[in-house]
Amino acid sequence: MIRKYGFRLGLLSILVLGGIYISLHKEDVFNTQKASATAAMTAENLISYVTTDKGQYLATLVDQVIAVEGVIKEINYVNQRHTILLGGGQEDLALVICDMQTDQAKKTGFLKQGDTVVLKGVFKGFLQDAVFLNCVLTANQKRP
């Protein structure tokens with residue numbers, strides 16, 4: 001009788017611990033593709049908001065989905081992260097850093113430096129550069 005309950009208790013413990021492990025290690029990725037953008041702007045305008053109004057307007061957009069159009073300055077793949085950097089104007093004193101969603105690597109493979117793109121992502125804030133996470137290439141992009 002005790003063996004029967006001990007087996008059930010052991011099995012239940014394994015299931016509970018497995019559930020806890022999965023919930024703690026599950027990658028929590030917000031799907032930006034399905035979300036609609038709260039605002040849309042060019043990379044130049046975004047950077048100018050940082051310099052002109054000290055980012056007061058941008059502070060209201062933190063953690064919201066924003067569409068940004070800009071010219072690609074760099075595309076890199078470091079530490080298994082796909083990142084696209086958009087230029088912020090003539091001087092490029094600041095950039096828009098877009099950390100791409102993991103499923104976007106194949107979709108952005110045809111892009112190159114100097115291309116103009118529209119990316120949509122979750123705006124996380126700015127210091128010198130504006131930072132976006134979970135970015136996706138918008139559907140209205142044209143392949144060369």
Side-chain angles (χ1 to χ4, degrees), residues 5-144:
Y5 288 116
F7 175 75
R8 287 182 182 172
L9 182 62
L11 184 61
L12 181 63
S13 297
I14 290 171
L15 290 174
V16 168
L17 291 174
I20 291 171
Y21 176 81
I22 289 171
S23 67
L24 290 177
H25 291 82
K26 182 179 93 175
E27 192 172 326
D28 185 24
V29 175
F30 176 74
N31 189 349
T32 312
Q33 194 73 42
K34 295 179 182 177
S36 59
T38 304
M41 60 187 72
T42 64
E44 289 179 9
N45 288 345
L46 181 70
I47 299 303
S48 72
Y49 282 126
V50 173
T51 58
T52 57
D53 72 350
K54 306 298 183 223
Q56 293 174 4
Y57 171 67
L58 294 179
T60 64
L61 297 176
V62 172
D63 289 331
Q64 295 186 34
V65 177
I66 300 175
V68 180
E69 179 180 358
V71 177
I72 296 175
K73 292 296 177 185
E74 184 180 336
I75 301 173
N76 62 45
Y77 188 77
V78 178
N79 296 330
Q80 299 179 346
R81 301 297 304 176
H82 186 105
T83 306
I84 295 179
L85 305 176
L86 301 178
Q90 294 287 340
E91 305 90 26
D92 284 335
L93 298 175
L95 298 171
V96 177
I97 301 171
C98 298
D99 187 42
M100 304 300 286
Q101 271 186 195
T102 54
D103 66 344
Q104 294 295 301
K106 290 181 182 176
K107 296 177 183 178
T108 59
F110 67 93
L111 297 175
K112 60 187 181 308
Q113 187 175 350
D115 286 348
T116 300
V117 294
V118 179
L119 301 174
K120 183 171 62 165
V122 179
F123 178 59
K124 295 311 277 183
F126 56 89
L127 288 173
Q128 179 179 349
D129 301 316
V131 178
F132 287 80
L133 299 180
N134 300 327
C135 293
V136 296
L137 188 64
T138 59
N140 61 356
Q141 296 300 313
K142 294 182 178 124
R143 293 182 184 234

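Keep in mind the model is a prediction, meaning the values are calculated, not measured.
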* Answer whether the closest heavy-atom distance between the side chains of Asn76 and Arg81 falls below 4.5 Å. => no

* Side chains of Val96 and Leu85: does their closest heavy-atom pair fall under 4.5 Å? -> no

* **Shortest non-hydrogen separation from Cys98 to Cys135 and the atoms involved** => CB-SG, 3.4 Å

* Please name the pair of heavy atoms, one in Ala94 and one in Gln128, separated by the smallest distance, quoted to 0.1 Å. => CB-O, 3.0 Å

* Asked: Would you say Thr108 and Ile84 make side-chain contact, with heavy atoms under 4.5 Å?
  -> yes

* To do: Report yes if the side chains of Leu95 and Leu86 come closer than 4.5 Å at any heavy-atom pair, otherwise no.
  => no

* Heavy atoms only: give me the nearest Val71-Gly114 pair and the separation to one decimal. => CG1-O, 3.7 Å

* To do: Report yes if the side chains of Gln104 and Leu119 come closer than 4.5 Å at any heavy-atom pair, otherwise no.
  => no

* Please round to the nearest 0.5 Å and tell me the distance separating atom NE2 of His82 and atom NZ of Lys106. => 13.0 Å

* Asked: What closest approach, in Å, do Val62 and Gly125 show between heavy atoms, and which atom pair accounts for it?
  -> CG2-CA, 4.4 Å

* Asked: Are the side chain of Thr38 and the backbone of Gln64 linked by a donor-acceptor contact shorter than 3.5 Å?
  -> no

* Structure fact -> On a heavy-atom basis, the closest approach of Leu111 and Ile75 is O-CD1, 3.7 Å

* **Lys107 vs Val136 side-chain heavy atoms within contact, under 4.5 Å** => no

* Atom pair NZ/CG of Lys124 and Asp63 - distance to nearest 0.5 Å -> 3.5 Å

* Asked: Between CD1 of Ile47 and CE of Met41, what distance do you get to the nearest 0.5 Å?
  -> 10.5 Å

* Rounded to the nearest 0.5 Å, what's the gap from OG1 on Thr83 to CD on Glu74? Could you check? => 9.0 Å

* To do: Over all heavy atoms of both residues, which pair between Ala67 and Val118 is shortest? Give the atoms and the distance, please.
  => CB-CG1, 4.4 Å

* Do the non-hydrogen side-chain atoms of Lys112 and Ile72 ever get within less than 4.5 Å of each other? -> no

* Between Val117 and Glu69, does a side chain to side chain contact (heavy atoms under 4.5 Å, CB included) hold up when you go through it step by step? -> CA-CA 6 Å; Val117 294; Glu69 179 180 358; over 6 Å; no

* Look at the rings of Phe123 and Phe132 and say which category their plane angle falls in: under 30° parallel, 30 to 60° tilted, over 60° perpendicular. => tilted

